[in-house]
Amino acid sequence: MTARTPENTVIQYRAAEQLLAARDPLGAVKLLDAVVTAHPENTAARLLRARAFFHAAQLRPAELEFQVVLEREPDNAFAHFALARTLQRADRPAEATRHFRLAAALDPRPDYLAAAGFGGDGGVFGPARD
């Protein structure tokens, strides 16, 4: 068995990114399980694992991971948006709307604004930024 070192953890994380990009979310989850077990405080690894769960249609584990990220980083607009997509996919639209709106309030990107129902013109937040 290979000893766990910081270098191995980085290699596993980067390999998980590649697996997710190659549309192998379950392979990414498998690698990230070891990374999160070794470093449960690593928010980046948890966010990547949440994305992998989402792409593997494992919605409850994705939701839980996104919630952990948001407990640590409540101003993470992407995590709010991704949690909203997860809740939307789980047919929980009222909960999803709350997180879409939080994402748009934190970062008024056009896709966040549109998902929140504020429209592409910026709505109550003013004009959209690039």
Side-chain angles (χ1 to χ4, degrees):
M1 181 177 226
T2 305
R4 180 142 339 266
T5 66
E7 293 82 11
N8 288 345
T9 301
V10 171
I11 290 168
Q12 286 181 305
Y13 180 87
R14 296 294 183 215
E17 286 180 318
Q18 294 299 316
L19 287 172
L20 191 55
R23 297 185 179 179
D24 182 4
L26 293 177
V29 167
K30 186 175 179 180
L31 286 176
L32 290 165
D33 284 344
V35 174
V36 170
T37 297
H39 302 281
E41 76 288 350
N42 188 321
T43 304
R46 287 187 174 274
L47 187 57
L48 186 61
R49 187 165 75 163
R51 290 178 49 218
F53 280 134
F54 177 84
H55 288 291
Q58 294 183 10
L59 302 181
R60 184 65 179 147
E63 176 186 353
L64 294 174
E65 283 293 343
F66 285 128
Q67 287 174 343
V68 168
V69 170
L70 288 169
E71 285 172 12
R72 295 175 184 178
E73 298 178 1
D75 61 344
N76 187 322
F78 175 79
H80 279 289
F81 184 76
L83 176 57
R85 286 278 186 232
T86 303
L87 294 168
Q88 183 181 52
R89 202 167 164 190
D91 197 28
R92 294 161 56 192
E95 293 171 83
T97 298
R98 176 179 179 270
H99 288 282
F100 280 135
R101 290 181 176 171
L102 285 166
L106 291 165
D107 184 1
R109 295 172 31 157
D111 52 339
Y112 293 3
L113 292 169
F118 295 125
D121 66 350
V124 297
F125 297 108
R129 302 183 285 173
D130 287 305

Between Glu17 and Arg14, does a salt bridge (Lys or Arg N to Asp or Glu O under 4.0 Å) hold up when you go through it step by step? CA-CA 5 Å; Glu17 286 180 318; Arg14 296 294 183 215; 3.0 Å; yes
Residue pair Gly27 / Asp24: nearest heavy atoms and the distance that separates them: N-OD1, 3.0 Å
Look at Glu63 together with Arg92 and state whether they make a salt bridge at an N to O cut-off of under 4.0 Å. yes
Check the hydrophobic clustering (I, L, V, M, F, W, Y; side-chain heavy atoms under 4.5 Å; chains of links allowed) and say if Phe78 and Leu87 are grouped together. yes
For a quick test of reading the model, state the closest non-hydrogen atom pair linking Ala62 to Ala50 and the distance between them. CB-O, 3.6 Å
Atom pair CZ/CG of Arg109 and Asp107 - distance to nearest 0.5 Å: 6.0 Å
Common cluster, Leu47/Leu32, ILVMFWY with side-chain heavy-atom separation under 4.5 Å: no
Which atoms form the tightest heavy-atom contact between Pro74 and Leu106, and what is the distance? O-CD1, 3.9 Å
Measuring from atom CG of Asp91 to atom CG of Leu59, what distance do you get when rounded to the nearest 0.5 angstrom? 11.0 Å
Arg46 side chain to Val68 main-chain N or O, any donor-acceptor pair under 3.5 Å? no
If you compare all heavy atoms of Ala52 against all heavy atoms of Leu20, which two are closest, and at what distance to 0.1 Å? CA-CD1, 3.8 Å
For the atom pair OG1 (Thr9) and CG (Leu31), what is the distance rounded to the nearest 0.5 Å? 11.0 Å
Heavy-atom closest pair, residues Ala103 and Ala77: CB-O, 3.5 Å
Rounded to the nearest 0.5 Å, how far does CG of Leu102 lie from CG of Leu70? 8.5 Å
So how far is it from Asn42 CG to Arg72 CZ, rounded to the nearest 0.5 Å? 8.5 Å
Please list all pairs meeting ring-ring contact (aromatic ring centres under 6.0 Å, His included) that have one or both residues in residues 83-117, counting only residues at least two apart or in different chains. His80-His99, Phe81-Phe100, Phe81-Tyr112
Enumerate the ring-ring contact (aromatic ring centres under 6.0 Å, His included) contacts for residues 12-65, please, sequence neighbours excluded, ordered by first and then second residue. none
Taken to the nearest 0.5 Å, the spacing of Thr86 OG1 from Glu95 CD works out to 11.5 Å
